[in-house]
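Here's the structure we're looking at; comments come further down.
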Amino acid sequence: MVDVMATTTVTRAGSGPWVKIAFAMFAVGWGANQFSPMLIVYRHELRLGAGAVAGLFLVYALTLIPGLLIGGPASDRFGRRPVVLPFVILSPLATLLLVLGPRSLALISAGRALAGLCSGVVFGSATAWVQELSHGTGQSARRAALALTVGFGLGPVAAAVLAQWAPDPLILPYLPHLVIGVAAAIIVWRTPRGAPPAAGRAGGREPDRWPPAAVRTWRFWLSVAPASPMVFGSVALAIVVLPEDVTSARTLSAGFAGLMTALAFSAGVGVQPFARRLGNPLAGVVGGLCCAAAGAGVGVAAVAAADRVLAGVAAVLLGMAYGLCLVSGLRQAEQMAGPAQRGAVVACYYALAYLGFAAPYLAAGLGAVSSQAGAFAILAGIALVIAAGTAGYGLRQARADRAPDPPVLCQAGTTGTRTLSGPAGPPNERPFRSAGTDGRAARTPRSPRPGASCPW
């Protein structure tokens with residue numbers, strides 16, 4: 001009874017701080033994704049070619065992934081707040097560059113590069129911070145995913161509405177984020193620091209290796225990594241590729257792109273509570289991949305017929321894929337990460353997930369070989385193959401967990417059962433050392449020497 005009361009008290013006391021960090025993630029996510037419908041505006045207003053538009057889209061990713069890989073480990077070492085706070089402050093400044101140079105490709109590119117760096121540092125570090133402030137409630141993955149999803153969804157929708165109907169489409173769409181970003185910076189300034197940095201813990205500890213121990217396991221690369229690019233790959237198809245493929249250059253509008261964004265991210269938000277309640281996160285990953293395959297399949301018909309209604313249905317399915325894969329993937333990453341490397345592991349997961357933003361380029365390349373409808377068919381097949389592989393790994397893991405440890409011969413024909421000091425896992429994880437609960441690799445006991453007594 002005392003334990004239950006203490007846990008309840010801690011959880012309620014910690015409910016305020018995590019909301020503040022989640023709001024910061026929401027604000028940075030708004031600033032990161034508000035640019036998506038603006039690509040259409042820049043194409044028309046600045047008479048940009050396809051190469052220039054692709055470059056503006058790409059410059060964000062070029063700084064985002066390094067920000068993830070640097071920010072996560074830095075927050076593990078120096079603490080969450082010293083790493084997150086400066087880049088929450090810089091996020092509205094990145095938007096200010098877009099306002100100051102609405103027709104300058106140099107300032108637009110600089111603003112996008114700074115936005116990518118802010119996103120990379122904040123998303124990985126703040127996700128780990130939300131988990132620490134959630135005090136083990138089991139909802140941290142959904143809280144972080146919800147904050148990102150709402151920011152990713154509302155930012156481009158607001159920008160699309162203002163760009164479509166406001167008098168100055170190159171400036172006014174960015175003003176809401178300036179207000180939200182400043183408010184987030186003030187809120188984070190007054191937020192607790194979170195867990196103490198890893199570097200200050202028990203002395204004499206060997207330096208953390210890179211990549212983190214959890215990322216050096218077969219479990220990560222067979223159950224987490226394959227589906228990670230589908231997180232943002234699915235929404236990229238919904239909000240970037242489909243709006244262009246089902247409309248002509250004359251009828252392409254920021255308003256329709258905003259509607260597709262609203263459909264995709266609303267579906268992503270709606271499915272996240274279901275993803276959190278699943279007992280096995282792998283089931284959520286497989287379900288998300290199946291939704292991605294279904295969405296791409298509907299996209300085949302939408303592109304072939306230039307049907308906006310079918311495109312909307314595809315956007316809903318692709319948004320569900322995003323929500324299921326994001327929450328389930330974050331749950332797995334958090335389960336595998338020790339406290340000393342939580343930010344680094346989450347950052348590695350986000351880095352793989354953001355590779356999905358290359359989906360428009362992959363779709364364009366496949367479309368050049370076959371057709372745009374054919375490209376969606378191939379992408380649907382890829383999603384199904386990954387789903388089958390992930391499900392197969394999950395079944396093998398479940399069988400390995402149920403199987404008893406094999407008897408091991410000792411001297412004079414005696415037998416015993418070897419007990420490993422690390423967590424159990426299927427045989428195909430053995431080439432990598434399993435990650436312990438503190439983020440370090442667990443040591444596997446050696447076999448007894450010939451003639452020695454059995455140690456177990």
Backbone of Phe87 reached by a side-chain donor or acceptor of Ser91 within 3.5 Å: no

Who passes side-chain contact (heavy atoms from CB on, under 4.5 Å) against Ile382, sequence neighbours left out? Ile378, Leu379, Ile386

Look at the side chain of Arg112 and the backbone N and O of Ala32, then say whether any donor-acceptor pair between them is shorter than 3.5 Å. yes

Test log, rule side chain to side chain contact (heavy atoms under 4.5 Å, CB included), inputs Val88 and Trp189: CA-CA 10 Å; Val88 173; Trp189 192 284; over 6 Å; no

Closest non-hydrogen atoms of Met25 and Ala144, given as atom of the first, atom of the second and distance, are CE-O, 3.9 Å

Distance alone, cut at 3.5 Å: any donor-acceptor contact between the side chains of Gln372 and Asp245? yes

Under 4.0 Å between a Lys/Arg side-chain N and an Asp/Glu carboxylate O for Glu132 and Arg80? yes

Show every donor-acceptor pair shorter than 3.5 Å between a side-chain atom in residues 343-364 and any protein atom, with sequence neighbours excluded, or say none if there are none.
from, atom 1, to, atom 2, distance (Å)
Tyr349, OH, Cys325, O, 3.1
Tyr350, OH, Thr127, OG1, 3.0
Tyr361, OH, Ala54, O, 3.0

Heavy-atom closest pair, residues Cys118 and Leu90: SG-CB, 3.6 Å

Evaluate the side-chain proximity of Thr217 to Met336: yes if any heavy-atom separation is below 4.5 Å, no if none is. yes

Answer yes or no: is there a side-chain heavy-atom contact under 4.5 Å between Leu133 and Lys20? no

Hey, does Tyr42 have a side-chain heavy atom less than 4.5 Å from the side chain of Phe35? yes

Can you tell me if Ser234 uses its side chain to pair, donor with acceptor, with the backbone of Val231 under 3.5 Å? yes

Going from CG on Leu326 to CG on Leu148, what distance comes out if it is rounded to the nearest 0.5 angstrom? 6.5 Å

How long is the gap from SG on Cys290 to CG on Leu324, to the nearest 0.5 Å? 10.0 Å

CZ (Arg276) and CG (Leu330) are apart, to the nearest 0.5 Å, by 14.0 Å

If only atom types and distance count, is the side chain of Ser36 paired as donor or acceptor with the main-chain N or O of Pro156 below 3.5 Å? no

Check whether Ser75 reaches the backbone of Gly72 with its side chain - one donor and one acceptor, N or O, closer than 3.5 Å. yes

Tell me every residue that passes side chain to side chain donor-acceptor pair (under 3.5 Å) with Ser223, counting only those two or more places apart in sequence or in another chain. Gln332

For residues 315-329, which residue pairs pass the side-chain hydrogen bond (donor to acceptor under 3.5 Å, both in side chains) check, not counting sequence neighbours? Thr149-Tyr322

What donor-acceptor contacts under 3.5 angstrom involve side-chain atoms of residues 55-65, with partners at least two apart or in another chain?
from, atom 1, to, atom 2, distance (Å)
Tyr60, OH, Ser119, OG, 3.2
Thr63, OG1, Tyr60, O, 3.2
Thr63, OG1, Ala113, O, 2.7
Thr63, OG1, Leu117, N, 3.4

Is there a donor-acceptor pair closer than 3.5 Å between any side-chain N or O of His177 and the backbone N or O of Ala27? yes

So do Leu98 and Leu107 actually touch side chain to side chain, heavy atoms under 4.5 Å? no

For the student: nearest non-hydrogen atoms of Leu68 and Gly120, plus distance: CD2-O, 3.1 Å

Report, one line per pair, each donor and acceptor closer than 3.5 Å where one atom sits in a side chain of residues 261-271; sequence neighbours left out.
from, atom 1, to, atom 2, distance (Å)
Thr261, OG1, Ala257, O, 2.9
Ser266, OG, Ala262, O, 2.6

For a quick test of reading the model, state the closest non-hydrogen atom pair linking Ala159 to Pro173 and the distance between them. O-CB, 3.7 Å

How about Phe152 and Phe123: are their ring centroids closer than 6.0 Å? yes

Excluding sequence neighbours, so at least two apart, what forms side-chain contact (heavy atoms from CB on, under 4.5 Å) with Pro86? none

Reported CG-to-CG distance for the pair Leu222 and Leu282, which is rounded to 0.5 angstrom: 10.5 Å

Ile239 side chain reached by Asn33 side chain, heavy atoms, under 4.5 Å: yes

For the pair Ser370 (side chain) and Leu366 (backbone), establish whether a donor and an acceptor sit closer than 3.5 Å, ignoring hydrogens and angles. yes

Side chain to side chain contact (heavy atoms under 4.5 Å, CB included) with Met260: which of Val157, Val235, Leu242? Leu242

Going by the rule ring-ring contact (aromatic ring centres under 6.0 Å, His included), which residues pair with Phe26 if we only count those two or more places apart in sequence or in a different chain? Phe23, Trp30

Check for a donor-acceptor pair, side chain of Arg342 on one end and backbone N or O of Trp129 on the other, with a separation under 3.5 Å. no

Between Arg81 and Val188, which heavy-atom pair has the shortest distance, and what is it? NE-O, 3.7 Å

Row check, Trp18 ring normal vs Arg143 NZ/CZ: under 6.0 Å, within 45°: yes

Ala292 meets the side-chain contact (heavy atoms from CB on, under 4.5 Å) criterion, sequence neighbours left out, with Met230, Ala321, Ala383

Is it the case that the side chain of Gln341 and the backbone of Ala213 share a donor-acceptor pair, with hydrogens and angles ignored and the cut-off at 3.5 Å? yes

Might you work through the side chain to side chain contact (heavy atoms under 4.5 Å, CB included) test for Gln397 and Arg219, ending with a clear yes or no? CA-CA 9 Å; Gln397 187 180 42; Arg219 177 187 172 191; 4.1 Å; yes

So which atom in Leu178 and which in Pro92 form the shortest heavy-atom distance, rounded to 0.1 Å? CD2-O, 3.3 Å

Within the structure provided, determine whether Gln335 and Pro281 are in side-chain contact (heavy-atom separation under 4.5 Å). yes

Run Leu289 and Thr390 through side chain to side chain contact (heavy atoms under 4.5 Å, CB included) and show every step you take. CA-CA 9 Å; Leu289 290 168; Thr390 304; 4.0 Å; yes

By side-chain contact (heavy atoms from CB on, under 4.5 Å), Ala74 pairs with (sequence neighbours left out) Phe78, Val83

